[in-house]
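So you know, we letter chains A, B, ... as the sequences are listed, proteins then strands, and number each from 1. Just the heavy atoms: all of them, side chains too, but no hydrogens, waters or symmetry mates, feed the values below. Nothing here was measured: the structure is a model prediction, and the numbers come from that model.
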Amino acid sequence: MQKLLQLPVNAVNIVKGVQGVTQGQEEALSPVLTPDSGPQNWYSAVQPEELRHLRSGGTGGGGWGRGHDDLKEMLDSNKDSLKLEAMKRIVAMIARGKNASDLFPAVVKNVACKNIEVKKLVYVYLVRYAEEQQDLALLSISTFQRGLKDPNQLIRASALRVLSSIRVTIIVPIMMLAIKEAASDMSPYVRKTAAHAIPKLHSLDPEQKDQLIEVIEKLLADKTTLVAGSVVMAFEEVCPDRIDLIHKNYRKLCNLLIDVEEWGQVVIINMLTRYARTQFLNPNINESLLEENSEKAFYASDDEEEEDKKAEPATLAKRKPYVMDPDHRLLLRNTKPLLQSRNAAVVMAVAQLYFHLAPKAEVGIIAKALVRLMRSHSEVQYVVLQNVATMSIKRRGMFEPYLKSFYIRSTDPTQIKVLKLEVLTNLANETNISTILREFQTYIKSMDKDFVAASIQAIGRCATNIGEVRDTCLNGLVQLLSNRDELVVAESVVVIKKLLQMQPEQHSDIIKHMAKLIDNIQVPMARASILWLIGEYCEHVPKIAPDVLRKMAKSFTNEEDIVKLQIINLAAKLYLTNSKQSKLLTQYVLNLAKYDQNYDIRDRARFIRQLIVPTDKSGALSKYAKKLFLALKPAPVLESPFKDRDHFQLGSLSHLLNAKAAGYQELPNWPESAPDPSVRNVEIPDWSKCSSRKDRKEKKVEKPFYSDSEGESGPTESADSGNCESDSGSGSASASGSDESGSGSESEESGEETESDEEEEDEEEEKKKRKKLDKTKAKKQAEESAERCTIHTIHQISCIINFDQFDMNKITSVFSQTLAPSGSIKMYELLHRIKGEGLAVEYCFSRQPFSPEPNMVAVQIQFTNNTNSETKNLHIEDPRLQSGMRIREFAEIDVLAAGESVTVVMGIDFCDSTQAANFQLCTHTRKFFVSIQPPVGELMTPAFLTENDFKKEQGKLMGMNEILEKLTLGEKCVNEHVIVERVTATANLSRVPCGSDKECRFAGKTVSSGCLVLVTVTTKEGGGAQLTVNCEKMLIGTMLVKDILQALSQ
Amino acid sequence: MIHSLFLINNAGDLFLEKHWKSVISRSICDYFFEAREKAVEPDNVPPVIRSPHHYLINIYREKIFFVSVIQTEVPPLFVIEFLHRVAETFQDYFGECSETTIKDNVVIVYELLEEMLDNGFPLATESNILKELIRPPTILRSMVNTITGSSNVGETLPTGQLSSIPWRRAGVKYTNNEAYFDVVEEIDAILDKSGTTVFAEIQGVIDACVKLSGMPDLSLSFMNPRLLDDVSFHPCVRYKRWESERVISFIPPDGNFQLMSYHISAQNLVAIPIYVKQNISFFETGSSGRLDITVGPKQTMGKTVECLVVTVHMPKVVLSANLNATQGTYNYDPVTKILLWDIGKLNPQKLPNLKGSLSLQSGAPKPEESPSLNIDLKIQQLAISGLKVNRLDMYGEKYKPFKGVKYVTKAGKFQVRT
């Protein structure tokens, strides 16, 4: 290992040399030195030496291609445009499959080129030829190693991507290190690239498997959708049998599935199908077996039935009600919406999952989606039809309603037609057979002869499967014997032949009919087939057969060769069964044949004569002549070629080919008894580093309040309201104090406290002790403080409540019912008095945590009854929400007397989006459609961070997650205090202490997912300012920036 | 997964190859050429071909075979769907996906393929992301590029790739904010000889062209969403919202995209806009036949049927056609045996008719097969299923966008049997 690591270091040194040159090249571009003066000459002087050096490094480099000198020159030039042109031509050569490997040294030098397109094309070249020129390829490694450390995540990712694509064994340790590092990168995109790199390294050096599995395990725990698909892909390629790695991530994968990109979805669904087969019980195990048998009636072969019989006692014995594992249900539920995907591969993946895993009653839903895919490109149709053909054998009922979707158009390609025919045949049963046969009749008239032949075979199969129509089919087929097309006739005869072999007792009628046809039918193939049939079953038509032979003997000389051969056959068979009537005829035929022009016929005649006509010389064989000619030929089996294909996982390549493809993972059988489901239980702290971070944060925040709650939280509150009062007078620097108190640090403004403050302090303490709020006081308090400060107050109170988790329910319920929203909280109208027929409803975001569900936004709703009769049974009905959104309704209000008003609180989980929640507000008489749409600022709750924490978190949310905006402060935004106030009014954030007085920082986290939202306002001289928002959720960030900008620039 | 890709034209020339893993010799394509020869028609080349160590999965599009080489088990649809996505991306970039355009833009093609797959696994297939990475060529840009030497590769890094809504790029700005929706319905139908409907269904798509600034959140609702029996959506559409409210709610990609497709299979809902009276017969003797086709309006909802074209695939023995069309022009191609009658607008007062005789190869027996008629038509401002967009609302942005909805009905696979 150590040794291996050293080698690239040497390579790095070599490259450094080259880079020195490249830098020199760049210097040459500097304006001081004109391009065609000294330095360039100097450069070209150095170059040959450099090249020799490079060439000596390459083992199989060979000489320069004669025709590539111009390209080499262009690559060596110092103009990016020339390099680009050269690279374009080289890439075009690669694309055409021409060998450009001799340019390797010249190209690889440009790997550090500044021009992005040149660089990209060099990468393309490098990845293509690195394998052939391993030593030279090492020269480029250091560039990528540097890229891996780049602060920009996209550059890190692309460096890893190219590095891992260079198939040079010597850099395996470097790749391993890079992958490990990238797997714990902050950026999910880099982690995704790391997942992509895993199979590359594995194929390069399978010995790294164990280490790679560790990385996979780590990445499987990642909870971002970006990574999920790629890591499962890596899992499937490297260690598909390590099902144990999935347990802990199973539920997460199920839940993320819908948001994963489509290609990842396919891979995850296929993997989960296999997983579910090992972990859950067969949902159809207790299905009534009778039904199963009747379903199978036509196709079940004997051994299958035996299996069922064996299974029956077993299942009966333990027939306890089957209960589906909730995780099994979760999988089925979360994959179902993906049937609506535009991507055929995703739809197919879900379809096969349902086919293999769902209870019988639920499988039906996939039929519609599969039928929809049939509208797609013909290749998609081809694959889907193959799968439908397999499914339709086992679950015929599923596709029956869509029978007509499989009707064939004359414009379909033949391979599609044949597959559709297969499906139609599988779907045929007593009720629909007449329609299907009518359809088949039109197909027989088609111009596509292969298709006609397939149709005839399909008719034959329908006839064997469905007894009622056998005669109709046979008649139809017999009519086809007169078709002009040989293929049709031949196929019909073959099919008739097969049908006849299956039911010997009915032979005579049809054979008689066919015997009559021999007079009219001219197609030699058909005549020959009829003769074969008559010969084979001559015992069933003892009277007709000799007569046919007589006719044939008469016309023998005029017949086609194949017919002649069959006449000889017929004669031989008749001679053996009915020698009395046919002896002379046979000898006549054999004599005619003896002098036939065709030597095959002469041959056959001689051979048969020796065999059947007893002479002295005849050997031992003639004794067995009858056995030879009239042996019972086995009836050909007419069954679908798709029978039993479902032991391959549907949708797989192996299923399509009906053969195991390399790397195919068997679909395991259901386990007898379910493995322990608790393996999938996940302890919350284990989930991911993100949640653990949250944990840590919470602890920090909680500490000051818990450790000496009364001592500190009391002053906190009072200091705040104190500020409010003093603000109303002076409005100076005290704001920063109030916010500091929010973060739990010791407040310094105790001196400012007034008497009323102390009163309040007592109240606060009381509250804490009794875990209750005194309503009147609270009201009074709210009124007392300056209007615009109310937000602060409430928000602070809510903070206290927040940390008294135990009795929070009580507090909020009391609190919410009593605290009338004061003017500073913006009230929104939910229902206007007139529209609501006297009932007016307003709501506001009270900014208190919603106690029953902490990740819901509390919405305070005030009902006012303006009518002069009472309104009853106020409640919510029929919420229509965005996916993921939830609503927690308020308790029904029984009676609202005339003129009264009442306030309730409901919780809505907006899922961190500003989508409106729509629902119906119902009274005992009316229903009103209403919707609540939250401003973005209400989707967050304050988070308490120290300055250091803030900086640390901000550092993690750089790049894409950071939004910067310059603004001019509005006229009234004269001081820090106003800024703080405006920002906190716009968004439910808390202030973070800050050393500099030019900066105001705020922190919060989104209610639903707990993502951090960090806001910084930096003021500059002359009314300018800069606003920075860091938030993982970019959408929230952007919207928040907009709102704060507006608030500050007013 | 996908090991290599070869592009082969109709004549069998291999004109582009790209490998994502170790190089595979192009001689692997011999297995494909063998199958191609056997299939006669390009349509009939099996999509999956086996060779001893590889599998070739191919699609045929715009007269180009996209042949991909696979070594291990992979869902075939995964590859097929991806190859079609590649073809669509080319179309999106170069206006058409043909051999010439691919050859002309070989470098961009190569860059695209490089971005779309990493080690054979799809990486970036959203056209919005790709367009940020690699700018599509325009005449103006290619001129500027030749003069200034600048490149097609985007300098900016793709932001969409990182966000949770990869289909939309950030910072979109338009002066005119517009959103257009085209409801396009195609009737797939099979009518039998007597004119009764054997099978009919409607395949609809809603194509959108959305040019809106910022991050608009749109919701589209229908007057009669119950009509929609089976739907599939662009990934941007929120499934749950559709399931609970039958409203299509989405943050749209920038530019053109297909929002959804749907399927109405209930036959009683499918109106057949025209009827066809036809009689094609061949005489037992005299090597000739007669043809008589009349087209008339049936359920057109008061709209005019336009672009009416009737195509007949004649049996091989038909040598020429001597016909008389009361409206439009007809053309019989004796090589492909296709009779094409371009009618144009359907005039309900004077029904178009095509009548005359067919001459057959002398001595050949009367053809047994009956040719079927394929109909093409278009009806503007009508969605034959009766689907109507109720309203389009926008959230998340403050400006007022211009909104437009257009309806078109076309014939899809519309066939009349004879």
Side-chain angles (χ1 to χ4, degrees), chain A residues 80-81 84 88 91-92 95 97 116-117 120 124 131 154 161 167 189 196 199-200 233 263 266 337 340-345 348 368 372 375 377-380 382-383 404 407 409-410 413-415 442 445-447 483-484 651-654 656-657 661-664 880 882-883 960 1034-1035 1038, chain B residues 16-17 22 26 43-44 46-48 50 55 59 71-78 80-81 84 106-107 110-111 114 118-119 121-122 149 151 153 155 157 159 161-163 190 198-199 203 215 230-235 238-241 244-245 263 315 365 368-370 372 374 396 413 415 417:
Chain A
D80 277 354
S81 56
L84 185 60
K88 281 185 172 172
V91 166
I116 284 193
E117 188 163 21
K120 274 200 167 175
V124 169
E131 210 171 2
L154 289 154
R161 209 182 132 197
R167 287 170 296 272
Y189 184 63
H196 274 266
K200 296 186 205 169
M233 181 66 226
W263 311 108
V266 179
Q340 246 99 64
S341 172
R342 65 165 171 177
N343 188 319
M348 190 66 231
K368 201 191 265 181
R372 186 186 67 230
R375 207 7 225 202
H377 305 284
S378 82
E379 297 87 7
V380 175
Y382 177 82
V383 178
K404 290 191 172 173
Y407 280 7
R409 294 185 170 78
S410 61
T414 310
Q415 51 182 353
T442 51
K445 287 187 207 141
S446 164
M447 277 181 252
N483 196 299
R484 250 190 223 101
S652 68
L653 183 63
S654 306
L656 190 83
L657 299 167
Y664 172 71
R880 284 177 297 163
Q882 294 275 324
S883 68
M960 295 303 308
M1034 285 167 49
L1035 201 55
T1038 357
Chain B
L16 186 123
E17 63 177 73
S22 308
R26 52 166 72 192
D43 279 346
N44 273 325
V48 181
R50 268 174 96 167
Y55 306 95
I59 64 161
Q71 256 182 329
T72 51
E73 169 66 49
V74 58
L77 269 187
F78 186 98
I80 289 170
E81 185 78 23
H84 278 296
V106 71
V107 175
Y110 230 68
E111 283 169 343
E114 185 74 26
D118 181 18
N119 193 36
F121 190 72
S151 69
V153 175
E155 298 284 336
L157 296 156
T159 48
Q161 209 160 6
L162 302 171
S163 76
I190 302 176
V198 177
F199 165 74
Q203 302 283 351
M215 273 290 169
D230 182 34
V231 285
S232 77
F233 295 120
H234 188 276
R238 300 177 176 104
Y239 291 122
K240 290 251 169 71
R241 186 94 192 271
S244 60
E245 294 172 60
H263 180 118
E368 304 235 347
E369 59 261 3
S370 44
S372 56
N374 289 301
K413 296 171 179 172
Q415 197 161 82
R417 290 176 176 165

Go through the atoms of A/Met233 and report whether side chain, backbone, both or neither lie under 4.5 Å from a heavy atom of chain B. side chain
For A/Leu657, is it the side chain, the backbone, both or neither that has a heavy atom under 4.5 Å from a heavy atom of chain B? both
Side chain, backbone, both or neither: which part of B/Phe233 has a heavy atom under 4.5 Å from chain A? both
Measure A/Arg167 against the heavy atoms of chain B and call it side chain, backbone, both or neither at under 4.5 Å. side chain
Contact origin within B/Leu16 toward chain A - heavy atom pairs under 4.5 Å: both
If one checks every heavy atom of A/Val383 against chain B at 4.5 Å, the contacting part turns out to be side chain
Going by the rule side chain to side chain contact (heavy atoms under 4.5 Å, CB included), which residues pair with B/Asp118 if we only count those two or more places apart in sequence or in a different chain? A/Arg161, A/Ser165, A/His196, A/Lys200, B/Leu123
With a 4.5 angstrom heavy-atom cut-off, could you sort out which part of B/Glu114 is near chain A: side chain, backbone, both or neither? both
Let me know if A/Gln415 has heavy atoms under 4.5 Å from chain B in its side chain, its backbone, both or neither. both
Heavy-atom proximity to chain B below 4.5 Å, by part of A/Tyr382: side chain
Checked A/Arg375, A/Lys368, A/Met348 vs chain B; the most non-hydrogen pairs under 4.5 Å come from A/Arg375
Proximal component of A/Ser446, with respect to chain B [non-hydrogen, under 4.5 Å]: backbone
Checking B/Tyr110 against chain A: side chain, backbone, both or neither under 4.5 Å from a heavy atom? side chain
Quick check against the 3.5 Å criterion: does A/Ser654 have a side-chain atom that pairs as donor or acceptor with the backbone of A/Ala661? yes
Tell me, side chain or backbone of B/Glu81 under 4.5 Å from chain A's heavy atoms, or both, or neither? both
